[in-house]
Structures are given as C-alpha cells and as structure tokens.
Amino acid sequence: MEYNFKEIEQKWQSYWKNNAIYHVEIDNNRPKYYVLDMFPYPSGAGLHVGHPLGYIASDIFSRYKRLQGFNVLHPMGYDAYGLPAEQYAIQTGQHPEITTFNNINRYREQMDKIGFCYDWKREVRTCDPEYYKWTQWAFIQMFDHWYNKKEDIARPISQLIEIFNEQGNAQVTAASADTTIFTADEWKNMGEKKQRDILMNYRIAYKADTMVNWCPKLGTVLANDEVSEGLSIRGGYPVEQKVMSQWCLRVSAYAQRLLDGLDKIDWTESLKETQRNWIGRSEGAEMKFKIANSDKYMNVFTTRADTTFGVTFMVLAPESEYVAEVTTDEQKNAVNEYIDAVKRRTERERIADKKVTGVFSGAYAINPFTNEQIPIFISDYVLAGYGTGAIMAVPAHDSRDYAFAKHFNLPIIPLIEGCDVSKESYDAKEGIMMNSGFMTGLSVKDAITTAKKYITEKGIGKVKINYRLRDAIFSRQRYWGEPFPIYYKDGQPYTLDETCLPLELPEIDKYLPTETGEPPLGRAKNWQTKDGYPLELNTMPGFAGSSAYYLRYMDPHNDKALVNKDVNLYWKNVDLYIGGTEHATGHLIYSRFWNKFLFDLGLICKDEPFEKLINQGMIQGRSNFVYRIIGTNKYVSYNLKDKYETQGIHVNVNIVSNDILDIEAFKNWMPEYKDAEFVLEDGKYICGWAVEKMSKSMFNVVNPDDIIKKYGADTLRLYEMFLGPLEQSKPWDTNGIDGVHRFLKKFWGLFFNGESVAISDVEPTAEELKSLHKTIKKITSDIEHFSYNTSVSAFMICVNELSQMKCNKRMILEPLTILIAPFAPHIAEEMYSMLGHKTSVCDAKYPEYDDKFLIESKVKYPISFNGKVRFTIELPADTDKAEVERIALSDSQTEKYTEGKTPKKVIVVSGKIVNIVL
RNA sequence: GCCUGAGUGGUGGAAUGGUAGACACGAAGGACUUAAAAUCCUUUGGUCAGUGAUGGCUGUGCGGGUUCAAGUCCCGCCUCAGGUACCA
C-alpha cells in the first residue's frame with residue numbers, strides 16, 4: 001500500500017480541528033507544562049523554510065510532554081504591529097490592518113499545513129483592541145508607580161506623595177532623574193503643575209527630554225536595540241542623536257535584578273553573557289572635581305580611582321551640561337564651533353572616524369589628590385549618556401585618553417612600575433603602583449580599594465555602581481501601534497481612566513506626519529477625551545505588545561484582568577521558550593523587565609518569565625549558480641567553467657535538483673534565458689553553490705508549501721530536524737530530503753503485506769525487543785536534550801533493523817508509533833488507527849524502556865597496543881577483568897604485536913576496551 | 001578590540017576520555033523491469049601493498065602538553081560565524 005501522505009495529512013488535520021484535540025484547559029489533576037514560540041511578525045513574504053525550525057522543535061517537545069501526562073499549554077499568536085505594513089500603507093493607501101490580516105491568514109494557512117499542536121482558541125494579536133487594552137493598562141500602572149531602591153520594588157505613586165507630604169524627598173531612595181531636595185512644606189506649597197513635574201522624575205513610565213535615536217527617514221525615534229552602528233535595524237537608514245521629549249520606561253531601575261535573575265534561569269551561557277554585557281554593570285566611584293577659581297564642582301565616574309594621581313586633564317561630552325558652566329568667554333566661539341561640527345556628524349560617522357578631535361574649554365579643574373590645576377577639554381569621545389558625561393583622563397593607562405593627550409600634547413604620568421608608555425598606554429589592571437602618593441607600592445587591586453576608602457572618608461566622592469543599560473524610549477511617531485492612554489491638560493500628561501480602555505486606534509486619511517510635523521495621529525478627527533482634552537499623538541513601539549504576551553495566552557479572553565491570578569498560579573511561567581537569538585537585547589530584556597514590574601505589583605507569581613530558553617539556529621540559504629561565458633548567452637557546467645571566462649549568476653534553486661539544472665525550466669524561467677545554450681558534462685548541467693542568507697534576491701528561498709506538496713508535512717518536519725543540531729546555524733539543502741521520505745515509506749511498509757494491513761499479535765523476539773527498547777531509550781534522552789537530529793537517525797536505524805527482521809508485530813510497532821508521534825504526527829495517527837485505536841495518538845501513553853531487553857550476553861573487546869586497536873575478541877559479558885586480561889594476553893594474535901616484549905601494563909576497562917602497554 | 005560559538009569525508013552531520021566518520025545525501029557497480037519510476041543488494045576518508053581475503057601507514061583547522069588512551073581535557077595560535085563597541 002502506497003504511503004499517501006496527502007490524504008493522510010488532510011484527514012488528520014481536519015480530525016484534530018473537528019475534535020478540538022489541541023484545546024487546553026486548566027486541569028488540577030495534571031502538572032502543567034508551558035511551551036512557547038516567539039510569535040512572528042506576519043510579513044508579506046510568508047513563511048520560508050527557516051521559520052518553522054523552532055516551531056517544529058517546540059511542537060515535538062509539546063507533544064512529548066503531553067504523552068508523558070503533562071497538561072501542555074502551547075499557544076501561538078502574532079506580533080502584528082510593525083513598520084513594514086505601515087510603509088506599505090504609505091505607498092498604497094491600504095490600511096495596515098488589511099495588509100496585516102491578509103498576512104496573518106497566509107501565515108495561518110502555512111502553519112496549519114505543517115500540523116502544529118497549537119491551541120488556536122488562545123491566539124493573540126497585538127493589534128487587537130481586546131489585547132492592547134492590557135498593553136495600555138500596563139502602561140498606566142507604570143505611570144502610577146515609582147521604584148523604591150531601598151526595598152528594591154515598584155511602589156504606587158500615591159505612597160510617594162504621602163512621603164513627600166510628610167517629610168519631603170530627602171530620605172527617598174528612588175530610581176529617578178536627579179531632583180533637588182525639598183521639604184514637606186516646600187512640596188505642599190509648590191502647586192499641582194510643579195508637583196506633577198517632580199513626580200514625573202520618579203514614574204516608571206515617564207516623559208522626559210532625552211537624547212534619542214532619531215531616524216529622519218522613518219520619521220520616528222528608535223530604542224537602542226533597534227539601532228546598530230548608527231543605522232536602523234529595520235530599513236538600514238541613518239540615525240542621529242537629538243534631544244526630544246519622549247515617553248520612556250525606567251528599565252534601568254531593574255538593572256541589578258535583571259542581572260541577578262540571569263543566574264536563576266536555564267538559558268545558554270552565550271545569551272546570558274550578551275545580556276550581562278548589555279546591562280553593563282561596572283563598579284567604581286563618583287568623584288567631585290572642583291573647578292578652579294569657582295565654587296562649582298564636576299562629578300565624574302571612574303572605575304580606576306587608583307589612577308587619580310595620573311589625571312592630567314578632564315574631558316566633557318559635547319552635550320554635557322557642564323560645558324556651558326565652565327567654558328570661558330575667550331573660548332566660547334571655539335567651543336560652539338566644535339559642538340556644531342559634532343552635531344552635524346551622524347553617530348555612524350563619529351564611530352567610523354577614529355580621529356581625535358576636541359577643544360579646550362578655557363577652564364581648569366583641581367585634581368583632588370594632587371591639588372594641581374588640570375585643563376578641561378570637550379571631546380566627542382566622551383558619551384553624554386554614560387556615567388556623568390564627564391571623565392577624568394588618565395592618559396598613561398587608558399588608550400583613548402592616551403591618544404587625546406598625544407594629540408594635544410598633554411602630560412602623561414605613568415603610575416605602574418615598569419610600564420612603558422612612550423608608544424601606547426598600559427591599560428591592564430595589574431602591577432605595582434608608583435608616582436601615587438599614599439598608594440605607591442600597592443598592587444592595583446589593593447590601590448583601587450584604598451582609593452575608594454580615601455575618597456569616601458575625605459568626602460571627595462562616593463562608591464558607585466554604574467550600568468550601561470539605558471531606559472527604553474517608548475514613543476514612536478508612527479501610526480501602526482498602540483495609542484497611549486494619555487491626554488494633556490495644561491500641557492501636563494494625565495492617564496485615562498481604566499474604564500476608558502481600550503483606547504482604540506483612530507482612522508486617518510493618510511499614514512504620514514501632519515503638515516505641521518506632528519505624528520500621523522495628529523490627522524485623526526476628534527482625537528480627544530469626552531471633555532475635550534487632546535490625546536497623546538505618539539504610539540507605542542514594537543516591543544510594547546510583545547512584552548507580556550506569554551501571560552495573556554494563559555487567559556486570553558479575560559476582560560477583567562491581563563491574567564486572572566488563579567490562572568496564573570496554575571500556568572505560572574514559560575517552561576520552555578524557543579526563538580531566535582536576535583532578540584537577546586531587545587524583547588528578552590523588555591519582557592523580563594515588564595514581568596518583574598507586574599511581579600512587584602503582586603499580579604503574577606513568578607519574577608522571571610522564561611525558565612528555559614533555546615535559540616534555534618538560523619537556516620541559511622543555499623544558492624545555486626550557472627556560469628555564463630562572458631558576452632554570450634552560453635552557460636558552462638560547473639567543472640568546465642575554468643576553461644572559459646565566465647561569470648556566476650544566481651539561479652532559482654527550485655529548478656535545480658541535487659545541483660543538476662533543469663534546463664527546460666531554466667529556459668522558461670526568464671525571457672533572457674529562452675535561447676540559452678549549454679556546455680554540459682556527462683549530458684548534465686552541474687550548478688555551483690554557496691551558502692548565503694535566504695533571500696529573494698539570491699533566488700534561494702524555499703517555501704515550506706512546496707516541500708509539503710512534494711513530500712508531505714511529516715517529511716518536512718523530520719527533515720528540518722535531521723538537518724543538524726537545533727541551535728546551530730545551517731544551510732537549507734533539499735538534497736537530503738529523499739532519505740527522510742524513504743524512511744517514512746519504509747516505516748509505513750512495515751504495516752502492510754502487499755495492499756492489505758498485516759499486523760501480527762505474535763510475541764516479539766529478543767532481537768526485536770532490543771531494537772525497540774534501545775530506540776525508546778535513545779529517543780527519550782535525545783528529546784530531553786533537544787538533540788532531534790540524532791533522534792531521526794535512531795528511528796532510521798530501528799526501522800532498518802525491523803525491516804531486516806520483517807517485523808510486523810503489534811507489540812513492537814505500537815510503541816514505536818507512539819514514539820514517533822511527536823515528530824511525525826500525521827502518519828503516527830494513521831498507523832495508530834490501523835493498530836485498532838479509536839482515539840488520538842496524542843493521548844496515548846508514552847512508552848518506557850526496560851533495561852532487561854538491552855543486556856548483552858557478549859561483549860566485543862577491542863584489543864589495543866599502545867592505544868592502537870589491532871583486533872577484537874568477543875567474550876561473555878560477565879567475564880571479570882583478570883580473566884579478560886588473561887585471555888587477551890594469551891590470544892594467538894597478541895604475539896604478533898608484542899614482538900616478544902613483556903607488556904609493562906595492561907589496562908582493562910570492563911565492557912569497553914583492553915589496552916596493552918609495551 | 002572585547003564577548004560567545006564553531007572548525008571532522010564530495011555534502012549534512014555522529015561519537016559519557018575508550019574501535020573516528022553512526023545515520024542520511026551524493027557517487028559507482030549490480031538485481032528486478034521491454035523501459036522508466038519505485039524498491040532491494042554491494043562499495044564508498046586518504047594512501048600504499050596484495051589477483052584476493054586482507055594488511056600497513058595516515059587522518060577530526062595549526063603547534064605543543066596531560067593520559068595507558070585525546071575529535072573530546074589543558075596551554076598557545078589560525079580561520080569562520082554571531083553579538084557588541086570610544087562605557088571611563
């Protein structure tokens with residue numbers, strides 16, 4: 001009987017749908033398990049063969065857990081807001097919602113064909129008002145909370161107001177912008193407007209003038225993780241620094257907890273390391289430097305307080321507030337000129353150009369250790385956003401300071417014995433101090449401690465920990481995003497009442513900024529509250545909707561809460577999260593922050609959202625080439641191309657099979673190839689190949705639909721897993737897919753004798769049982785380790801063995817069918833029903849292996865001499881070591897290798913190997 | 001520069017410190033067939049010797065080391081991929 005995958009797959013996909021096989025509800029009698037995929041942005045191109053890799057892996061694990069008796073939550077949804085749909089809207093006038101819905105339908109169709117076990121009743125879409133109501137709601141909570149650093153928890157703003165009313169802000173330790181100290185009386189007398197301005201400095205969602213990444217081409221600001229090397233990640237447009245008033249999230253308040261949390265979760269070390277670097281904790285000191293002939297001070301952050309004796313100048317970032325304070329009249333023109341020049345350059349240019357630039361401010365500071373006057377410079381190698389935007393320069397021991405000192409001819413004082421600073425700085429944190437007053441003779445490590453103690457005692461500064469992690473810019477000057485639940489009264493932002501949520505995205509006539517430069521929402525009619533107050537015109541960024549979506553899946557239709565507390569107590573958090581590594585510093589930081597905030601509010605029970613995380617590797621494209629003889633329309637086969645002067649041209653991989661070109665298809669591919677001629681080898685045209693990104697322009701995109709049409713979904717699923725380790729990047733190469741398909745056919749064949757089903761109830765042989773149990777053991781351990789490529793091999797080995805034995809016994813085939821069900825669910829369902837079952841294989845009992853079938857009565861011992869294996873002998877498994885040694889030494893072949901010498905030593909590893917050392 | 005991975009046949013890849021190359025693709029040869037498809041069988045890291053069974057040498061990016069034994073552990077490099085970058 002032929003393996004008719006098309007019929008089988010359609011049959012079971014509709015069975016699953018009609019019987020709600022994948023619908024999940026809370027079941028207190030079964031332990032829960034939550035498997036999550038990073039939900040996709042539904043792009044216009046549809047899924048290519050790389051996208052489902054992680055989905056297949058998580059699907060296998062979900063089905064495996066279900067077979068083991070877990071109540072598995074495995075949902076899917078769409079990250080539906082995004083720039084491409086809006087860009088398309090700008091070009092065509094089509095509402096982004098229509099584009100998005102069409103794309104979602106396409107995605108859904110493609111996913112359904114692969115046979116995933118998602119509970120689609122739980123689907124979420126970030127652009128659905130029912131969903132983004134809770135995104136807006138969370139924003140209101142963040143607006144209404146501040147971060148108490150002493151207790152390390154978010155607290156209601158109302159509580160902060162109480163404290164201000166009672167004692168002012170002197171005792172408050174909050175994550176906040178610098179605020180001046182005020183008393184309770186001052187607070188009470190300052191009026192509502194001033195009070196709200198001050199509270200804004202404390203809110204977790206706050207509006208502030210900040211240096212933002214402004215992308216003129218996209219017409220919006222971007223978060224740090226949306227920018228790479230001065231270009232926007234989406235689109236690759238230049239990004240510049242600009243001060244703007246924007247909504248921000250105080251992610252930095254959670255920096256330490258985000259760092260500490262990493263130690264408690266099961267993520268790959270590389271991903272945790274990426275997050276640690278992104279958070280960028282550095283321990284150091286904040287020191288006060290007095291400005292000469294003035295009573296003003298400057299604060300600097302340094303991790304090397306021990307090098308203060310070598311500070312020979314100071315440097316300010318061009319954007320620093322200190323610049324205006326210290327610049328002397330004589331230098332004003334030069335400084336302004338420099339700052340203008342810096343502004344004109346994009347960040348990209350600043351990074352690309354390593355040339356030293358800077359200008360003297362005219363002012364001097366006083367080194368608190370030496371009391372000497374040192375000049376204050378302004379240079380763009382100091383960043384405004386990090387530390388205090390001002391540094392103390394130690395040219396002998398910092399390469400950037402060194403370059404600056406050389407350029408401006410400033411003194412360089414070496415502080416470490418034996419270091420040579422005539423050519424370059426000595427940046428290492430080791431050695432013995434010199435030229436360092438009370439620290440001379442100490443090791444660097446001790447000097448750092450001593451210096452910190454000294455500055456604390458003398459009141460020069462304080463010990464401080466700095467983080468690189470910046471607050472997230474949360475506004476976008478765009479249309480296709482969540483509206484803010486904010487209105488303005490007297491220019492002050494206020495939140496809408498929760499009962500007004502969701503605040504739905506209004507219709508507009510054009511998806512462009514207004515004539516006056518307002519964001520697109522400025523075009524909306526009646527964009528105001530009932531009382532006529534204007535609503536916020538910005539919308540939220542992409543990561544807003546994706547930060548808590550995993551919570552919403554638990555309780556997707558609840559209109560009273562983001563997630564019901566009891567429901568959350570059952571599902572808790574995600575046990576297994578599978579997705580791409582590109583979200584390491586964006587989504588995976590934001591959602592951890594968002595989760596911790598909700599945890600602080602007591603709304604959810606876990607402070608980390610994702611217990612275990614696996615990054616699936618990228619599937620790269622494998623491109624094919626034809627070689628055109630330059631100046632002709634003649635193409636030379638790969639191995640003959642060096643005889644001609646040729647040019648490689650990408651050719652559509654879908655008309656190439658095993659690197660052999662389908663010549664007719666090629667001629668019909670594009671009009672210019674219609675009259676192409678060929679130089680063949682062995683009557684074939686062999687194409688060249690290369691591994692590149694999978695993209696339209698390389699003609700190497702492979703669509704899962706095409707594979708499914710040709711081989712079926714089960715083959716696609718198995719083949720994607722068979723390709724290699726899940727976490728490794730690998731090229732998609734259709735060449736091997738036949739082997740996997742053949743395997744399924746072979747497995748299928750075991751159930752048949754000719755055209756009829758023939759399953760025997762005869763007791764299996766020891767050999768058959770061994771083959772089965774060995775496979776159960778291997779598959780189980782492979783699934784636990786996400787080593788799916790070796791699972792597929794193990795299935796192949798087992799089926800090969802059973803075919804050899806012509807095994808058609810129920811007691812073997814049934815457990816094997818259940819075992820393969822997570823990998824190839826359609827064929828497994830069909831075989832399970834052929835075995836006489838009336839229920840879905842999804843709810844079968846996972847087979848367990850029994851070691852007793854695996855015991856070998858005999859062991860093959862490789863006999864090696866000085867580590868080189870020469871021959872093997874077979875012995876009963878229970879032969880003891882001494883006996884093995886005796887037999888090995890007395891074997892007739894041993895003589896040949898000992899060459900008469902007496903072995904120095906004989907090593908016998910029971911059941912493994914014998915090594916005779918000569 | 002720094003951080004994290006990875007380098008094994010023609011290809012994808014396998015291997016708790018214990019016979020390197022499982023499994024699969026491809027290739028070559030054969031069986032079945034009028035033929036093709038499908039299926040099945042044999043061979044397949046390199047090299048040398050032998051008619052042959054077989055045997056020798058060599059081989060996991062490079063150079064050292066630890067060990068009875070190293071693809072695997074340690075030290076030093078090289079190459080590739082991803083992340084990050086004037087972070088004081």
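Letters A, B, ... mirror the listed sequences (proteins, then strands); counts begin at 1.
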A side-chain contact here means heavy atoms from C-beta on lying under 4.5 Å apart; do [X] and [Y] qualify?
X: A/Tyr402; Y: A/Phe404; value: no
X: A/Ser793; Y: A/Phe722; value: yes
X: A/Asn789; Y: A/Pro725; value: yes

Sugar-phosphate, base or nothing in reach of [X], heavy atoms under 4.0 Å:
X: A/Lys868; result: sugar-phosphate
X: A/Pro725; result: sugar-phosphate
X: A/Arg870; result: sugar-phosphate
X: A/Tyr638; result: nothing
X: A/Leu723; result: sugar-phosphate
X: A/Val917; result: sugar-phosphate

Contact letters for nucleotides 39-49 of chain B, in which S counts primed atoms plus P, OP1 and OP2 and B counts the base, heavy atoms under 4.0 Å: SSS--------

Quote, to the nearest angstrom, the [atom1] distance that separates [N] from [M].
N: B/rG63; M: B/rU8; atom1: P; answer: 16 Å
N: B/rA69; M: B/rA14; atom1: P; answer: 28 Å
N: B/rG61; M: B/rU51; atom1: C1'; answer: 40 Å
N: B/rU33; M: B/rA27; atom1: P; answer: 24 Å
N: B/rC48; M: B/rG52; atom1: P; answer: 14 Å

Near-ring test A/Tyr719/A/His741, centroid separation under 6.0 angstrom: no

Pair A/Phe795 and A/Phe823, ring centroids less than 6.0 Å apart: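 They qualify: ring centres under 6.0 Å apart.
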
Out of [options], which nucleotide sits closest to the side chain of [X]?
X: A/Arg468; options: B/rU19, B/rC23, B/rA85; answer: B/rA85
X: A/Ile391; options: B/rC3, B/rG18, B/rA88; answer: B/rA88
X: A/Ile913; options: B/rG26, B/rU19, B/rU84; answer: B/rU19
X: A/Thr872; options: B/rU11, B/rU84, B/rU19; answer: B/rU19
X: A/Tyr897; options: B/rG13, B/rC68, B/rG56; answer: B/rG56

Residues from residues 789-803 of chain A lying under 4.0 Å of RNA chain B - heavy atoms: A/Asn789, A/Thr790, A/Ser793, A/Met796, A/Ile797, A/Asn800

When you compare the protein's N or O atoms with those of nucleotides 4-8 of chain B, which come within less than 3.5 Å of each other, and at what distance?
unit_1: B/rU4; atom_1: O2'; unit_2: A/Ser270; atom_2: OG; d: 3.3

Cut-off 3.5 Å, no hydrogens considered: what does the side-chain donor-acceptor table look like for residues 746-754 of chain A, sequence neighbours left out?
unit_1: A/Lys746; atom_1: NZ; unit_2: A/Asn800; atom_2: OD1; d: 2.6
unit_1: A/Trp748; atom_1: NE1; unit_2: A/Met1; atom_2: O; d: 3.2
unit_1: A/Trp748; atom_1: NE1; unit_2: A/Glu2; atom_2: O; d: 3.2

Return the value, rounded to whole Å, for the distance between atom [atom1] of [X] and atom [atom2] of [N].
X: A/Arg304; N: B/rC87; atom1: CZ; atom2: P; answer: 14 Å
X: A/Met694; N: B/rA81; atom1: CE; atom2: C1'; answer: 17 Å
X: A/Ile863; N: B/rA69; atom1: CD1; atom2: P; answer: 17 Å
X: A/Asp398; N: B/rC87; atom1: CG; atom2: C1'; answer: 11 Å
X: A/Arg281; N: B/rC87; atom1: CZ; atom2: P; answer: 19 Å
X: A/Tyr711; N: B/rA24; atom1: OH; atom2: P; answer: 16 Å
X: A/Ile686; N: B/rG26; atom1: CD1; atom2: C1'; answer: 11 Å
X: A/Ile465; N: B/rA88; atom1: CD1; atom2: P; answer: 14 Å

Presence of A/Lys905 side-chain N/O under 4.0 Å of B/rC68 phosphate oxygens OP1/OP2: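 For B/rC68, OP1/OP2 do have a side-chain N/O of A/Lys905 under 4.0 Å.
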
Partners meeting ring pair (Phe, Tyr, Trp, His ring centres under 6.0 Å) with A/Tyr590 (sequence neighbours left out): A/Phe543

Closest-nucleotide 5' rank along RNA chain B - winner of A/Val740 and A/Gln620: A/Val740

Side-chain donor/acceptor of A/Asn915 to base of B/rC68, under 3.5 Å: yes

Ion pair check, A/Asp306 and A/Lys429, cut-off under 4.0 Å: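 A salt bridge is absent here (no side-chain N lies under 4.0 Å from a carboxylate O).
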
Carboxylate-amine/guanidinium proximity below 4.0 Å for A/Glu283 and A/Arg281: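 Yes, charged N to carboxylate O under 4.0 Å.
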
A/Gln893, CD atom: more than 12 neighbouring heavy atoms under 6.0 Å: yes

Cation-pi, A/Trp267 ring and A/Arg276 (6.0 angstrom, 45 degrees):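 Judged by the rule (NZ or CZ under 6.0 Å from the ring centre, within 45° of its axis), A/Arg276 is not positioned above A/Trp267.
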
Geometric cation-pi criterion A/Lys745 and A/Tyr3, 6.0 Å radius, 45° cone: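 Not flagged: A/Lys745 not positioned over aromatic ring of A/Tyr3.
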
Closest heavy-atom pair and its distance - A/Asp471, A/Val251: OD1-N, 3.3 Å

Secondary-structure notation, RNA chain B, from Watson-Crick and G-U pairs under 3.5 angstrom (| other strand): (((((((..(((.....[....)))((((((.......))))))(((((....)))))..(((((..]....))))))))))))....

Syn/anti label of B/rG17 as read from its glycosidic torsion, with the cut at 90° from 0: anti

